[in-house]
Number of protein chains: 2
Amino acid sequence: MMKKYYPDEDRQLVAVDCIIFGFDAGMLKLLVVKRSFEPGKGRWSLAGGFLRKNESLDDCASRVLLELTGLKEVYLEQLQSYGDIARDEGDRVVSVAYYALLNIKDHNLDLSSDNDAYWCPLDEMPDLIFDHGDMVGKALKRLKRKVKIQPVGFELLPGKFTLPQLQTLYESIYQKDLDKRNFRKKILSMDLLDKLPEKDKSNSKKGAYFYSFNQKKYNELVSDGFYFNLDV
Amino acid sequence: MMKKYYPDEDRQLVAVDCIIFGFDAGMLKLLVVKRSFEPGKGRWSLAGGFLRKNESLDDCASRVLLELTGLKEVYLEQLQSYGDIARDEGDRVVSVAYYALLNIKDHNLDLSSDNDAYWCPLDEMPDLIFDHGDMVGKALKRLKRKVKIQPVGFELLPGKFTLPQLQTLYESIYQKDLDKRNFRKKILSMDLLDKLPEKDKSNSKKGAYFYSFNQKKYNELVSDGFYFNLDV
DNA sequence: CCAAAAGTGTTCAGCTTACACCCATGA
DNA sequence: TCATGGGTGTAAGCTGAACACTTTTGG
């Protein structure tokens, strides 16, 4: 047993809430869950859970994600903490928000339907409880910045993807149209994508070549001082 | 009394730690305090305090700052939360880090010397307890990004400042030299500085004109869609 | 054969960068 | 008068933005 140094009063409930982004059918989506307990039972919310004594914040976020999706190796980054006194109607709870990027195809849909979870297109997002809507707004802002300077967008795509798919992904994050020629020129000039000898014919008769992101080459370039950059 | 909704187990101590930046003698400095209690008594640390039941995280950060410096209207922004189980040797404590920017001349030195506090040049920073060194690194990274896209650097300067001063400030944040002509051209082209009819002769015989940041004009430009930008 | 998506280069404007000399003045 | 820091302009290269036609092929 650890020696006690600090006063015991003023301990707080600490929660982790996860903004889980996915990309499907050309749309950026958010995984929302229907709350199964009061307060706010039946309303939509983010996936969340209370921080336990024996887990770090990062571990807690991983656990929340695992419990909902069954997925382990998911891109996860801390966003911001929310600490207004009355932000949670049930009690005073400090919430640490994380955002996750995952490839929807990897996702075990059974698990999330058990939880009354739903992949909601971002532009049809329902009202979320408490300050969860703010969290999503903040996460989206962060994501917009992040995908410009780090190749995290690929986390949202399958290992093999086409350039039109990748462009649509960026367009749905930036919420604006990009020029096809400029986009391809820029992304290909970084020399981080491997062109595969197969085509995806599901969207056109001509078919679009599959590419894959070369993580090894990226790591090498980064250690040579390279910065990923995809401005708009 | 609020109805109880959540289990009472697993409440945690939550602390706020503040990375307080100042600028003086052409150097970026950090306000560090000598810990007056165990564990780590006598070692250098950031200013911090435990979150109370009746205050938000932001309020707590303001309080920590007020108690140490006596200052109220200080630029303060949440940085990141730190939640490793054993990060604090005294107990399991989740810490929310904030960073503050303040003008050292406004600072009441008496108060901070009561607290065994010290404005430490960033490049002579002592070892700090726990993960406070990581927090400072992260804050510096954030500050570098922030000063490029928002006019927060002025928070570190007196209301009247010279262009050489401003340039030195940016150089000490970016930790690299900037071209005098390009710097002046860029900052003046934004049309946010008012040139005053006085000169600061403390650093040269010729003297450098004082300028002041025009917050009103900045607000107007921002609402017209203007983005502050000071690339390097 | 035709509709629909994939793929491909060039030009122009604006911005970033590099660079060197004169000015004012207190000591 | 001279040492010291303050102040000023221009040219070259690069990057971002705009823009339209050809290719492929399943139906």
Side-chain angles (χ1 to χ4, degrees), chain A residues 25-27 144-145 147-149 157-158 160-172 174-212 225-232, chain B residues 25-27 144-145 147-149 157-158 160-172 174 176-212 221 225-232:
Chain A
M27 284 180 297
K144 281 183 192 180
R145 178 163 54 75
V147 293
K148 279 187 199 183
I149 56 172
L157 293 173
K160 297 193 281 187
F161 52 85
T162 66
L163 292 184
Q165 250 184 305
L166 184 64
Q167 181 173 348
T168 306
L169 169 63
Y170 272 83
E171 287 175 333
S172 66
Y174 293 146
Q175 295 169 309
K176 78 174 183 187
D177 291 346
L178 302 177
D179 180 278
K180 187 166 48 161
R181 279 175 288 191
N182 293 337
F183 179 80
R184 297 170 75 99
K185 202 188 320 168
K186 186 128 199 190
I187 190 84
L188 290 176
S189 75
M190 283 193 270
D191 203 26
L192 290 169
L193 301 186
D194 295 333
K195 187 173 186 170
L196 306 180
E198 319 154 55
K199 283 186 163 190
D200 169 26
K201 295 217 169 185
S202 62
N203 286 304
S204 73
K205 300 165 179 173
K206 185 177 179 182
Y209 280 104
F210 279 116
Y211 286 78
S212 64
F226 164 84
Y227 289 98
F228 185 89
N229 181 4
L230 207 60
D231 264 325
V232 279
Chain B
M27 284 181 297
K144 282 184 192 180
R145 179 162 54 74
V147 293
K148 279 187 198 182
I149 56 173
L157 294 173
K160 297 193 282 189
F161 52 85
T162 66
L163 292 185
Q165 251 185 304
L166 185 63
Q167 182 174 346
T168 306
L169 168 63
Y170 272 84
E171 287 175 333
S172 65
Y174 292 148
K176 77 173 182 188
D177 291 346
L178 302 177
D179 181 279
K180 186 165 51 160
R181 278 176 287 191
N182 293 338
F183 180 80
R184 297 170 76 98
K185 202 189 320 170
K186 184 128 198 190
I187 190 85
L188 291 175
S189 74
M190 282 193 270
D191 204 26
L192 290 170
L193 301 186
D194 295 333
K195 187 175 188 169
L196 306 180
E198 320 153 56
K199 282 187 164 190
D200 170 25
K201 296 216 170 184
S202 62
N203 287 304
S204 73
K205 302 167 179 175
K206 184 176 179 182
Y209 281 103
F210 279 116
Y211 287 78
S212 65
L221 286 173
F226 164 83
Y227 290 97
F228 184 89
N229 182 3
L230 206 60
D231 265 325
V232 280

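Throughout, protein chains are lettered first and strands after them, A, B, ... in sequence-line order, and every chain is numbered starting at 1.
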Once you round to the nearest 0.5 Å, how far does CG of A:Leu178 lie from OG1 of A:Thr168?
-> 9.5 Å
Considering only heavy atoms, which members of residues 203-210 of chain A lie under 4.0 Å from some atom of DNA chain C?
-> A:Asn203, A:Ser204, A:Lys206, A:Gly207, A:Ala208, A:Tyr209
Here the residues of residues 160-169 of chain B within 4.0 Å heavy-atom distance, strictly under, of DNA chain D are B:Pro164
Quick one: how far along DNA chain D does chain A reach, first to last nucleotide 5' to 3', anything under 4.0 Å to a heavy atom?
-> D:dG16 to D:dG26
With the side chain counted from C-beta on, respond yes when A:Phe161 and A:Leu169 share a heavy-atom pair under 4.5 Å apart, and no when they do not.
-> no
For B:Tyr174, the ring pair (Phe, Tyr, Trp, His ring centres under 6.0 Å) test, sequence neighbours excluded, returns B:Tyr170
Hey, could you give me the OH/CD1 distance between A:Tyr227 and A:Ile149, rounded to the nearest 0.5 Å?
-> 10.0 Å
For B:Lys205, check side-chain hydrogen bond (donor to acceptor under 3.5 Å, both in side chains) against everything at least two apart and list the hits.
-> none
Quick one: pull up CD1 in B:Ile187 and CZ in B:Phe228 and give me the separation to the nearest 0.5 Å.
-> 4.5 Å
Within 6.0 angstrom of A:Phe226 CZ, more than 12 heavy atoms from elsewhere | yes
Using a heavy-atom cut-off of 4.0 Å to chain A, what are the terminal contacting nucleotides of DNA chain C, in 5' to 3' order?
-> C:dA5 to C:dT10
Report the distance from atom CG of B:Leu230 to atom CG of B:Leu166, rounding to the nearest 0.5 Å.
-> 7.5 Å
Partner set under salt bridge (charged side-chain N to carboxylate O under 4.0 Å, His left out) for A:Asp194, not counting sequence neighbours | none
So do B:Leu221 and B:Asp191 actually touch side chain to side chain, heavy atoms under 4.5 Å?
-> no
So do the side chains of A:Gln167 and A:Glu171 get within less than 4.5 Å of each other, counting heavy atoms only?
-> yes
Keeping to residues at least two apart or across chains, list the salt bridge (Lys or Arg N to Asp or Glu O under 4.0 Å) pairs with something in residues 175-187 of chain A.
-> none
side-chain hydrogen bond (donor to acceptor under 3.5 Å, both in side chains) partners of A:Lys195, counting only residues at least two apart = none
What residues, two or more places apart in sequence or in another chain, satisfy salt bridge (charged side-chain N to carboxylate O under 4.0 Å, His left out) together with A:Lys160?
-> A:Glu198
Of the residues in residues 178-196 of chain A, which ones touch DNA chain D at a heavy-atom distance under 4.0 Å?
-> A:Asp179, A:Arg181, A:Asn182, A:Lys185, A:Lys186
Return the set of residues passing side-chain hydrogen bond (donor to acceptor under 3.5 Å, both in side chains) with A:Asn203 (not counting sequence neighbours), or none when no residue passes.
-> none
